[in-house]
Amino acid sequence: MAAPPRVAVVGAGAAGLATLKALADAGVPAVAFETAGTLGGLWVYGSPGSPAYRTLHLNTSKGRTEFADHPMPADWPDYPDHTRVAGYLAAYADRFALREAVRLRHTVDRVARAGDRWRVHATGPDGPVQVDVEAVVVANGHNRVPNRPEPYPGECAAAQMHSHDYRGPEQLAGRRVLVVGGGNSAMDIAVDASHAADRTLLSLRRGVWVVPKYLLGRPSDTLNGALARRLPWRLRQRISQRMLTATVGPPTRYGLPAPAHGFLQDHPTLSDALLSRLTHGDIQPRPGITRLDGHRVEFTNGHADEVDLVIWCTGYRVRVPFLDPGLLGDGADRLPLYRHVFHLDAPGLAFVGLMQSTGAAFPLLEAQARLVAARLAGDWAPPEPARQAAACAAELRAATARWGHRRPHMRVDFDAYLAELHRELAAGRRRAGATR
Ligand SMILES: Cc1cc2nc3c(=O)[nH]c(=O)nc-3n(C[C@H](O)[C@H](O)[C@H](O)COP(=O)(O)OP(=O)(O)OC[C@H]3O[C@@H](n4cnc5c(N)ncnc54)[C@H](O)[C@@H]3O)c2cc1C
Ligand SMILES: NC(=O)c1ccc[n+]([C@@H]2O[C@H](COP(=O)([O-])OP(=O)(O)OC[C@H]3O[C@@H](n4cnc5c(N)ncnc54)[C@H](OP(=O)(O)O)[C@@H]3O)[C@@H](O)[C@H]2O)c1
């Protein structure tokens, strides 16, 4: 008979699976609860809560995205589609025999402290279940709850939807479409619309740097990666921004607003096709919206257009609804966590995936999971509480200097953070050894 779980993991997307794998490697029995009927999280097109659309591909290259211990097949393209990524996560679960630990169709409703343990309540097809464990790992993802903007002045008569509900170009056919936002959802959906819709407008309230997926004949994130390992971000910024503008010109060249921040001070917006569709006139750029009245949209430059459908690509809210709000302080997106993983005041509560990376996610999830597993196996110890708090404060200062008030608590620089997690694993092992 399997040993009773010592740890409960909430979610079996990439983060939950990486956590189960690391815990299994460390010999720590665990159970994961997953709302959906399939594991793989948002990469499973059509799974409840997934924002995946038919045309979705990775925007981080496969070599930078794969888990260190499970490479993507060599014959795959650099930017595989969602079906391949979902299959890759399923193969990961099979290869490391993770499925047995996952209770599908079980939604965690509440996680509460029970003495020095944690009580996890979930609801499954056969009713409520409860487990008592010594630790909980929150791996519930943060791209599931749409951030719907406050209504603009006017009575909008055009149809409206959030990008979370976008499944494919057939929803756009024959319509005059306005896509709103400067993130990756907006880029992809505007490009889809430029092929399927009658007319496509793209409204950005502020400028962003749009990076092609290939630069100098290589996946663009591999160029930055090679530089990142050696140089401070300010210097990388100067080099990368110069290289980008020398290759594709500034965003204003395409009619987009000028970015207010330097390159590498924002979440990267990646698209090959957007710039091409703009230069072909198949996407028409617009600034921010001032008013939506009937089918008419007015913009900050005084221009107005008629549209049938507005797609709000306005991002997501970070929510951890099953945790006591007292544990979330000013909100899940402002929660200080030691190395973006460990709760400062609640031993036994850890987060995998509560971060916003400048690059890919999976290798970071994998490294965070190893830290969690090492701690629960007794091989890793955190520093003194005061040092943890000081480390969080220093990181927040640096992140605010770089990213301003755009989610500074959650920002991590892919290469620097990955290196830091490796150092942290070694340092915590030394601390654990010293206290034994
Ligand atoms: C459209 C889109 C494209 C992206 N493209 C890339 C990319 O190209 N490269 C990249 O590196 N990253 C990309 N990302 C980031 C993406 O978040 C990560 O790749 C990765 O999927 C994160 O995994 P996760 O497990 O943290 O979250 P998710 O994949 O969202 O998985 C979370 C899981 O938790 C489950 N869950 C949530 N709440 C509960 C609950 N209460 N009880 C039980 N189960 C629960 C959900 O059902 C889900 O299965 C993209 C994100 C989006 C939205
Ligand atoms: N693999 C892929 O190709 C792919 C595709 C889609 C998404 N993704 C990933 O999924 C995550 C979410 O991306 P996302 O594009 O959905 O969200 P996002 O990155 O958060 O971008 C949201 C955009 O909406 C704008 N916005 C927010 N509120 C607005 C408002 N009230 N009015 C006008 N504009 C508003 C934001 O502008 P401000 O910055 O000014 O707030 C921002 O430009 C990211 O990690 C992204 O990389 C990846």
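Not measured: the values here are computed from a predicted model. When a ligand or atom number is given, it counts from 1 through the structure's own listing order.
Residue contacts with ligand 2: Ser163 is placed with no nitrogen or oxygen under 3.5 Å of a nitrogen or oxygen of the ligand (distance criterion only). An N or O contact shorter than 3.5 Å is missing between Pro268 and ligand 2 by distance. Residue Ser185 has at least one nitrogen or oxygen atom sitting less than 3.5 Å from a nitrogen or oxygen atom of ligand 2, judged on distance alone. Checked against a 3.5 angstrom limit, the closest N/O atoms of His57 and ligand 2 fall inside it.
Of all the listed residues (Tyr166, Phe33, Trp43, Phe362), Trp43 holds the heavy atom that lies closest to atom 13 (C) of ligand 1. Of the listed options Leu104, Asn184, Leu39, Asn143, Asn143 places a heavy atom closest to atom 17 (O) of ligand 1. When Tyr53, Trp312, Tyr152 are ranked by how near their heavy atoms come to atom 33 (C) of ligand 2, first place goes to Tyr152.
Here the side chains of Thr107 and Phe33 are not in contact, with every heavy-atom distance at 4.5 Å or above.
In summary, the aromatic rings of Phe322 and Trp118 are positioned with their centroids too far apart to meet the 6.0 Å limit.
A salt bridge links Asp305 with Arg199: at least one charged nitrogen is closer than 4.0 Å to a carboxylate oxygen. Between Glu395 and Arg339 there is a salt bridge, with a side-chain nitrogen of the basic residue lying less than 4.0 Å from a carboxylate oxygen of the acidic one. Using a cut-off of 4.0 Å between Lys/Arg side-chain N and Asp/Glu carboxylate O, Asp415 and Arg236 are scored as not salt-bridged.
The protein heavy-atom contact nearest to atom 26 (O) of ligand 1 is Ala15 CB, 3.5 Å.
Note on ligand 2: Leu56 sits in its first shell, one or more heavy atoms being nearer than 4.0 Å. Residue-ligand proximity: Gly49 is placed with every non-hydrogen atom at 4.0 Å or more from ligand 1.
Distance screen at 4.0 Å: atom 22 (C) of ligand 2 has a protein heavy-atom neighbour inside the cut-off. The presence of a protein heavy atom under 4.0 Å from atom 48 (C) of ligand 2 is confirmed.
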